[in-house]
Amino acid sequence: MDACLSSEQRSQHLQEAPCTPDGCSAPEGAPREEDTGGPPGGSNKIEPSLHSLQQFVPTDYESYTQEHYLFAGTKIVIQESIESYGAVVWPGATALCQYLEEHSEELNLQDAKILEIGAGPGLVSIVASILGAQVTATDLPDVLGNLQYNLLKNTLKRTAHLPEVRELVWGESLEQRFPRSSFHYDYVLASDVVYHHYFLDKLLATMAHLCQPGTVLLWANKFRFSTDYEFLDKFKQVFDTTLLAEFPEASVKIFQGILKWD
Ligand SMILES: C[S@@+](CC[C@H](N)C(=O)[O-])C[C@H]1O[C@@H](n2cnc3c(N)ncnc32)[C@H](O)[C@@H]1O
């Protein structure tokens, strides 16, 4: 698996990222992702179909719960698990969904080509699909099964374009897997991908790689630590940056980034 983190890297990643959507100390004794293996799935590219919906039904039901959302007039059910940070909806995701819903016409989302990085359980990609976009949802291999499950469950027969799921590990094999000559996105979406982890430089490089002239990056984040603001400073060096919205009660800000070309 060319783009996988080793279990050592992954363990390091989880230990250095002790945040949960509501705070920053993971539940004591919560299993680590490499202990559980995560939901089934994790191939490079997963073709959406009824068959794959059945294939990706999580098997360890005890650790799963369902959360209900209403966006764009549509009820959305998200399967979450405490076993992975990538299987829980974070505050940046709900803020970004609200922003997409309220600005879908001016963003011209109908048939827009969108890639989401660090999609987690998939709420943002689902809402973008319901709003008419052609979505590719990406994340680490371990969470792709649950992501695929949620996407299909909420978009099958409901959207013009079925979202696609692909593995994308920040900073890994970007040109091989997402060559700039063949991929062009209208929007790159990212919610709560910046927290206390070792991959911030790779994340920024990935954001830059995926953006071309005409691409708009929409990044929603809960700001907690000085490191979040340090990332924002670096982000501003690479992207022309506009603050689009603030949700003070959740400490979430949404930024638009347009890659600087000089
Ligand atoms: C805090 S969660 C946010 C999930 C989702 N975007 C949301 O807001 O609900 C961060 C996401 O980034 C993904 N992630 C973390 N490190 C990554 C890496 N090195 N490469 C790709 N994805 C990564 C995690 O798997 C997880 O889905």
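Since the model is a prediction, treat every value here as computed from it, not as a measurement. Indexing begins at 1, ligand by ligand and atom by atom, following the structure's order.
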Hey, looking at atom 21 (C) of ligand 1, which of Leu189, Asn221, Leu168 has the closest heavy atom?
Leu168
Would Val77 and Leu131 show up in the same hydrophobic cluster when neighbours are defined by side-chain heavy atoms closer than 4.5 Å?
no
Do other residues, nucleotides or ligands put more than 12 heavy atoms under 6.0 Å from Lys260 NZ?
yes
Residue Glu106 excluded, over 12 heavy atoms near CD under 6.0 Å
yes
Out of all atoms in ligand 1, which are within 4.0 Å of some heavy atom of [X]? Include the element for each.
X	answer
Gly120	4 (C), 27 (O)
Ala93	7 (C), 8 (O), 9 (O)
Val89	9 (O)
Ser191	3 (C), 5 (C), 6 (N), 7 (C), 8 (O)
Asp192	1 (C), 2 (S), 3 (C), 8 (O), 10 (C)

Would you check whether Ala119 reaches within less than 4.0 Å of ligand 1, judged by its heavy atoms?
yes
From the list Ile114, Ile117, Leu115, Val165, side chain to side chain contact (heavy atoms under 4.5 Å, CB included) partner of Thr136 resolves to Leu115
What pairs with Leu174 under side chain to side chain contact (heavy atoms under 4.5 Å, CB included), at least two apart in sequence or on another chain?
Leu168, Thr206, His209
Checking heavy atoms under 4.0 Å, the part of Val88 that sits near ligand 1 is backbone
Between atom CD of Glu230 and atom CG of Asp228, what is the distance when rounded to the nearest 0.5 Å?
9.0 Å
The criterion is salt bridge (charged side-chain N to carboxylate O under 4.0 Å, His left out); which residues satisfy it with Asp240, sequence neighbours excluded?
none
Val193 to ligand 1: N or O pair under 3.5 Å?
no
